[in-house]
Amino acid sequence: MAANQDPSHRSARKRMLPTKQTERAAVNATRAFLEDHECVVQEVDTGNDYGKDLLVDLTENLEITGESIAIQVKGVFEFSGGAAVTA
């Protein structure tokens, strides 16, 4: 900052919303759960967020069945120190 600039006139920095960490934790937990159950998971770019967070290809005996689902994940912060996933 220049010596003649008033610190109260600094440009505002972008801040991450507190809900963003909860949302990421919920998406990560959901993806991990689905992958543990042999599903193929693709995360949807949040810049194109129209209610779908994950695209999931279903499998049977490790073969992709051709069936797929879209999931919207909702994360809720709990005071116990984690994120709970609600669908």
Side-chain angles (χ1 to χ4, degrees):
M1 179 183 335
N4 62 351
Q5 283 185 325
D6 181 356
S8 64
H9 288 92
R10 283 190 275 172
S11 63
R13 293 181 179 173
K14 291 185 177 184
R15 296 190 64 152
M16 186 169 66
L17 297 174
T19 56
K20 188 67 174 176
Q21 289 177 308
T22 303
E23 291 170 11
R24 292 299 320 148
V27 168
N28 291 339
T30 303
R31 183 185 336 100
F33 173 83
L34 292 167
E35 289 174 346
D36 286 347
H37 289 83
E38 302 173 354
C39 294
V40 178
V41 181
Q42 296 178 24
E43 193 167 337
V44 175
D45 179 12
T46 57
N48 297 320
D49 189 359
Y50 296 103
K52 296 178 182 89
D53 297 308
L54 301 172
L55 301 176
V56 182
D57 289 311
L58 305 178
T59 64
E60 188 174 327
N61 298 321
L62 300 176
E63 292 183 12
I64 296 174
T65 64
E67 297 174 317
S68 61
I69 58 173
I71 297 177
Q72 181 178 27
V73 178
K74 295 291 183 187
V76 179
F77 180 77
E78 292 187 341
F79 292 106
S80 63
V85 177
T86 60

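If you read the sequence from its start, that first residue is 1, and numbering goes on from there. Remember, it's a predicted structure, so these values are computed and weren't measured experimentally. These values consider heavy atoms only, across backbone and side chains, with no hydrogens, waters or symmetry-generated copies.
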Nearest heavy-atom approach of C39 to T59 is N-OG1, 4.3 Å

Taking all atoms of both residues into account, what is the closest heavy-atom pair of D57 and Q42, and its distance? OD2-NE2, 4.2 Å

Any pair with a residue in residues 20-44 that passes ring-ring contact (aromatic ring centres under 6.0 Å, His included), sequence neighbours left out, goes on the list, sorted by first then second residue, please. F33-H37

Taking every heavy atom of K52 against every heavy atom of A70, the minimum-distance pair comes out as CD-CB, 3.7 Å

Report yes if some heavy atom in the side chain of V73 is under 4.5 Å from a heavy atom in the side chain of E23; otherwise report no. no

Can you name the residues that form a side-chain contact (heavy atoms from CB on, under 4.5 Å) with E63, not counting sequence neighbours? none

Shortest non-hydrogen contact from T30 toward L54: CG2-CD1, 3.7 Å

Scan for salt bridge (charged side-chain N to carboxylate O under 4.0 Å, His left out) pairs involving residues 25-34, sequence neighbours excluded, and state none if there are none. R31-E43

Would you confirm whether T22, through its side chain, and G75, through its main-chain N or O, come within 3.5 Å as a donor-acceptor pair? no

Can you list, by chain and residue number, the hydrophobic cluster partners of V40 when the side-chain cut-off is 4.5 Å? I64

May I have all residue pairs that pass ring-ring contact (aromatic ring centres under 6.0 Å, His included) and include part of residues 53-72, sequence neighbours excluded? none

Verify, without hydrogens or angle tests, whether T65 (side chain) and L58 (backbone) share a donor-acceptor contact under 3.5 angstrom. yes

What residues form a side-chain contact (heavy atoms from CB on, under 4.5 Å) with A32, not counting sequence neighbours? none

